[in-house]
Protein chains: 2
Amino acid sequence: MGAGPAGSMASKDSGPEGRELFGIADLAEEFGITTRTIRFYENKNLIHPARVNGSRVYTRRDRARLALILRAKTIGSSLVQISHFLDLYGEQGEGRAEQMDYVVRETTKAIAELEMKQELIRDTLKELREIRQGCMERLPGYTPADNSHKV
Amino acid sequence: MGAGPAGSMASKDSGPEGRELFGIADLAEEFGITTRTIRFYENKNLIHPARVNGSRVYTRRDRARLALILRAKTIGSSLVQISHFLDLYGEQGEGRAEQMDYVVRETTKAIAELEMKQELIRDTLKELREIRQGCMERLPGYTPADNSHKV
DNA sequence: GAATCAATTGACCTATACGTCAAACAGTGA
DNA sequence: TCACTGTTTGACGTATAGGTCAATTGATTC
């Protein structure tokens with residue numbers, strides 16, 4: 001089965017931010033990934049775009065969801081983990097206390113894991129800064145507390 | 001080619017911390033990974049244990065290196081990235097200014113990337129806490145600012 | 001209405017990071 | 001000495017995360 005275009009002629013606006021609906025190529029370009037990757041995520045049930053004439057159409061919510069996925073990936077989560085993540089983000093609306101309790105427990109776990117990662121990163125950063133500092137001191141033309149070209 | 005044991009009878013001490021040398025199984029157990037994983041890392045040139053009668057023998061430095069690898073993995077680095085990481089950790093000793101300069105540049109890049117990840121995690125944590133908070137408020141028996149069973 | 005162009009599904013391929021045997025071999029204890 | 005345990009290399013299998021190609025289809029343009 002094929003589908004139609006959703007090319008440069010956007011559904012409503014043409015600005016990159018004022019848009020409401022997006023084609024798969026738009027999102028791919030915006031996030032610097034391939035359409036294959038986006039379709040792969042859909043296959044893994046991470047995003048559920050609408051279909052128009054067989055073509056995928058993404059809302060802002062879909063786009064935000066994709067952004068969440070990519071952010072989580074950068075942090076080091078697997079797609080399976082991300083899938084559970086996304087459930088938490090979606091589930092807040094309503095639901096019985098049972099569901100709420102579940103979300104509370106899961107978010108608590110996720111928070112704990114991220115806090116641990118945060119600590120590991122902090123430690124690593126400290127070490128890297130020490131290494132860099134040690135190197136700089138051995139570099140010719142070094143003067144202690146050289147903040148002349150500080151960032 | 002085969003090899004000999006390095007079993008429960010440790011090279012020197014038997015305590016888990018006072019040790020100086022370790023067998024592959026010791027490290028595997030200590031870090032909760034398999035020996036296969038450790039051998040895989042060696043195959044990728046991430047660790048270079050000594051050999052005694054064909055069997056791998058790990059020093060404290062090797063053990064620290066393995067710890068670095070696993071920490072970096074948790075943070076979300078690939079083994080290739082970790083390989084470069086480890087080069088930086090090893091290279092600080094001496095070397096010409098050229099090498100020092102290289103290390104300074106690479107550590108700077110690594111630091112920037114980690115700082116970015118740190119921010120992403122901060123953002124995610126903030127959102128997760130909000131979600132959890134929102135759920136808790138909808139939970140029965142909730143009283144605002146309920147710190148009665150705080151961690 | 002034929003060409004073109006973007007998008008679709010399906011199939012197969014790739015790289016990473018290991019898991020899982022299998023066969024061989026080295027020490028140790030009985 | 002023989003069995004047993006732990007280790008070695010090698011080979012193959014698996015899960016994840018996509019890349020790449022092919023054939024098709026649908027909307028737009030000429």
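Treat the numbers as computed from the prediction; the structure is a model and nothing was measured. Basis for what follows: all heavy atoms, side chains included, without hydrogens, waters or symmetry-related copies. Chain identifiers are assigned alphabetically (A, B, ...) following the order of the sequence lines, protein sequences preceding nucleic acid strands; residue numbering begins at 1 within each chain.
DNA chain C is contacted by T34(B), R36(B), T37(B), F40(B), Y41(B) of residues 34-44 of chain B, taking any non-hydrogen atom closer than 4.0 Å. Of the residues in residues 66-85 of chain B, those with a non-hydrogen atom less than 4.0 angstrom from any atom of DNA chain C are K73(B), S78(B), L79(B).
The closest side-chain heavy-atom distance from L125(A) to Q118(B) is below 4.5 Å. The side-chain heavy atoms of L79(B) and I82(B), taken from C-beta on, include a pair separated by under 4.5 Å.
The CG-P distance, from N45(B) to dA17(C), rounds to 14 Å in whole Å. Separating the CD1 atom of I47(B) from the P atom of dA17(C) is a distance of 14 Å, rounded to the nearest angstrom. The CZ atom of F22(A) sits 18 Å away from the C1' atom of dA7(C) (whole-angstrom rounding). If you take CD1 of I24(B) and C1' of dC18(C), they are 14 Å apart, rounded to a whole angstrom. The CG atom of L27(A) sits 11 Å away from the P atom of dA7(C) (whole-angstrom rounding). For the pair R51(B) CZ and dT8(D) P, the computed distance is 6 Å after rounding to whole Å.
Annotation: side-chain contact (heavy atoms from CB on, under 4.5 Å) contacts of T74(B) (sequence neighbours excluded): M116(A), K117(A), L120(A).
Rounded to the nearest 0.5 Å, atoms CD (E42(B)) and CD1 (I24(B)) are 7.5 Å apart. Taken to the nearest 0.5 Å, the CG atom of L86(B) stands 12.0 Å off from the CD atom of Q81(B). Rounding to the nearest 0.5 angstrom, the gap separating the CD1 atom in I33(A) from the CG atom in L66(A) is 4.5 Å.
Residue R56(B) has a polar side-chain atom (N or O) positioned under 4.0 Å from OP1 or OP2 of dT9(D). Look at N53(A) and you'll find a side-chain N or O under 4.0 angstrom from OP1 or OP2 of dA27(D).
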Tell me, with the steps shown, if D26(A) and R19(A) meet salt bridge (charged side-chain N to carboxylate O under 4.0 Å, His left out).
CA-CA 11 Å; D26(A) 298 329; R19(A) 299 267 286 279; 2.8 Å; yes

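Taking the charged nitrogens against the carboxylate oxygens, E119(A) and R122(A) have no contact shorter than 4.0 Å, which rules out a salt bridge.
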